[in-house]
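Some notes on the structure that comes next.
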Amino acid sequence: MRELRYREALREAIAEEMDRDDRVFLMGEEVGYYQGAYKVTEGLLERFGARRVVDTPITEEGFAGVGVGAAMVGLRPIIEFMTWNFSAVAFDQIINHAAKIRQMSGGQFACPIVFRGPNGAARQTGAQHSQCWEAFYTHIPGLKVVAPATVADAKGLLKSAIRDDNPVLVLEDERLYGLKGEVPDGDHLVPIGLSAQVRDGDAVTIVTWGKMLHMVLPACEILAKEGVECAVIDLRSLRPLDLGPALASVEKTGRALVVQEAWPYGGVGAEVVDRIQRDAFGALKGPVLRVTGRDASMPYNKHLEDLTIPSVDTVVRGVRAVLAW
Amino acid sequence: MAAPADELLGLYRQMLLIRRFEEAAAKAYSQGKIGGFLHLYIGQEASAVGALANLNAGDAIVGTYRDHGIALARGMSARACMAELYGKVTGCSKGLGGSMHFFDAERRMLGGDGIVGGHVAVAAGVAFASKYRDRREVTLCFLGEGSVSIGGFHEALSLAALWDLPLVVIVENNEYSMGTPLSRTLAVHDTSQKAHGYGMASDRFGTSDVLEVKRRVGEAVARARETSKPTLIEVQTYRYRGHSMSDPGKYRTADEVELRKKTDPIVKAEADLRALGVGDADIARIEAEVEAEVEDASRFAEESAEPGEELIEAFTYA
């Protein structure tokens, strides 16, 4: 075990996979000479050269499409979006091309590509730079979507994504890039499609992912002092979605809360709620509730931004609301 | 028969096959045997046939929804193509793609794309992979003149020129973007001018002479293969049929269409063949062969099995 920062874990994942497989290359804005907008790719240009670490102009649709074409003929591109918000102008490539090539070609062409970058609110970056993209992309058959919340998962999920034969979208988080955590030594792979129970408890099952895990765990400590022990499931992979551990926990607790940074309308949280009510209906003592971001575009003001995304306090209140039933 | 006649005879046969194939497809569509959209290549045959005559087995092609002619010119069988139109499991995309999505991994035919513009970037990616692997392969990308205003086209050209990708982009200017003439979609008449802003080579010529198409596209293919430089080409062509089968064609006159048929590439090729000494018997033999091939393809498509329900999700994930 070694302690790394989240961005270093991502960098290790990229470097190790580039070392083991010449088909893997990195492409995006400022990934090379600038050393990465968030320093995830620092040093990679010097190590692998400009053939495999490719700086692009501001052309998200263009370089996302270049990645798709290269993947169709057997390379394994890692396409970095400086933020997932910029993927909006590459939507066509991800949804109409990467996700559909296999189906449209009757299985003749695969698209083994990774799209990655920070997702969700950073700090006061305003309405266009603070969105959560999981609801958009998990809706699409043909895509896989992962959202690592921990440093170890950042490395393990990205390595699995690079080796996957499908398009995999890795939703990182700017607020997590500096996070420190233990990473197992060696070729650390985390399988896509497995959630993790990170805390046990008998009162309420909390299902979450990404940076919200770091709101949920402190909330659990506050509640524990009152004798309320919550189980916490980190989904890690949002498509495919593994609700096995969550359902097993709900069988014990009879109560569930989903915590997401994203907007409330539709989305991954709603999908989780639907599956829990269908598959664990008999165990439920009350409705499954959600704590979500507020249903508004992100305000710039710091105080208002803090109020717009879930906090430790809103998670505590959410658990109390579930227990009130 | 002399060597020039041999070459032209082969190209003539391919063009005739495309035309008869498309005529049979139109008939099957009107009989309800083909669903969805059907965009015919009739009138434009020399573009694909002349261009693809320059390619090697390792080269790749990316096209738009008007892809039947490209597929046949690449040597995909009329059977696999017609069966795809009929939605049968024996089709080139197992009946899951349809008219707009013809694929053939073995022949490096990468679609058949229904959301045009973005596919030029995909083609640039295929060319990028060839360069990355240091293979002397060329990628040919086709699109209509109606797609030169969308962003994906421009981003792809920008990257292809910046990175010296072995890509040849062929704008098939058939004068109408669905029902809108070029004069109402673009402030310039010549779409190959778009190359200048990106620092790319360009060319522009008509499609009445298939050998001329072959020669001119051949220059661009050689540039890509020898020097890894992209080229933007506009071929000036014309489709006799509507944008798709549902097009009433009210935006142009019958006289205009008849006038354009006078520069038909198949008619010209046949006249050129006769001038080279090819006789009625040879022409008649080719016509009979092509008609038999298309009839066989239609019969094969009719008799083939529908894809099973198990295929709905089978290819969603690898």
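All chains are named by letter (A, B, ...) in the order of the sequence lines, taking the proteins before the strands, and each is independently numbered beginning at 1. All values reported here derive from a predicted model rather than from experimental measurement.
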Proximity breakdown for [X] and chain B, heavy-atom pairs closer than 4.5 Å:
X: A:Q93; value: side chain
X: A:V89; value: neither
X: A:I140; value: backbone
X: A:D164; value: neither

Are A:K144 and B:Y317 side-chain neighbours, meaning at least one heavy-atom pair lies under 4.5 Å?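 Of all side-chain heavy-atom pairs linking B:Y317 with A:K144, at least one is under 4.5 Å.
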
Side-chain heavy atoms of B:L110 within contact of A:V73, under 4.5 Å: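 Yes, side chains in contact.
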
Could you check whether A:R23 and B:Y132, counting side-chain N and O atoms only, form a donor-acceptor pair closer than 3.5 Å?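 A:R23 and B:Y132 do not have a side-chain donor-acceptor pair below 3.5 Å.
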
Could you pull out the closest heavy-atom pair between [X] and [Y], with the gap in Å?
X: A:H97; Y: B:H119; answer: NE2-N, 4.1 Å
X: A:D92; Y: B:G118; answer: OD2-CA, 3.9 Å
X: B:E155; Y: A:E60; answer: OE1-N, 3.7 Å
X: A:S105; Y: B:F103; answer: CB-CG, 3.3 Å

For chain A, which candidate among B:V62, B:L157, B:I312, B:L96 shows the most heavy-atom pairs at distances under 4.5 Å?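 Of B:V62, B:L157, B:I312, B:L96, B:L96 has the most heavy-atom pairs under 4.5 Å with chain A.
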
Between B:G152, B:A160, B:A124, B:A156, which residue shows the highest count of heavy-atom pairs closer than 4.5 Å to chain A?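 Heavy-atom pairs under 4.5 Å are most numerous for B:G152.
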
Polar side-chain atom of A:D165 near backbone of B:A318 as donor-acceptor pair, under 3.5 Å: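 Flag not set: sc A:D165 to bb B:A318 has no pair under 3.5 Å.
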
Keeping A:Q108 on the side-chain end and B:S93 on the backbone end, is there a donor-acceptor pair under 3.5 Å?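 No.
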
Distance in Å, A:T59 OG1 paired with B:L159 CG, rounded so as to fall on 0.5 Å steps: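 Reported value, rounded in 0.5 Å steps: 4.0 Å.
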
Atom CZ in B:R133, atom CZ in A:R51: separation rounded to 0.5 Å?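 Spacing of CZ (B:R133) from CZ (A:R51) equals 10.0 Å.
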
Can B:F128 and A:F25 be said to form a ring-ring contact (aromatic ring centres under 6.0 Å, His included), step by step? CA-CA 11 Å; B:F128 176 92; A:F25 69 94; 4.9 Å; yes

With chain B, which of A:G107, A:G142, A:C111, A:A70 has the greatest number of heavy-atom pairs at distances under 4.5 Å?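 Of the options given, most contacts go to A:G142.
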
Where on B:M100 is there a heavy atom nearer than 4.5 Å to chain A: the side chain, the backbone, both, or neither?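 Neither; nothing under 4.5 Å.
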
Relative to chain A, which segment of B:D113 carries a heavy atom at a distance below 4.5 Å: side chain, backbone, both, or neither?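 Just its side chain gets close to chain A.
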
Counting neighbours of CD on B:E310 that are heavy atoms of other residues, nucleotides or ligands and sit closer than 6.0 Å, is the number greater than 12?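 Counting other residues, nucleotides and ligands, CD of B:E310 exceeds 12 neighbours.
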
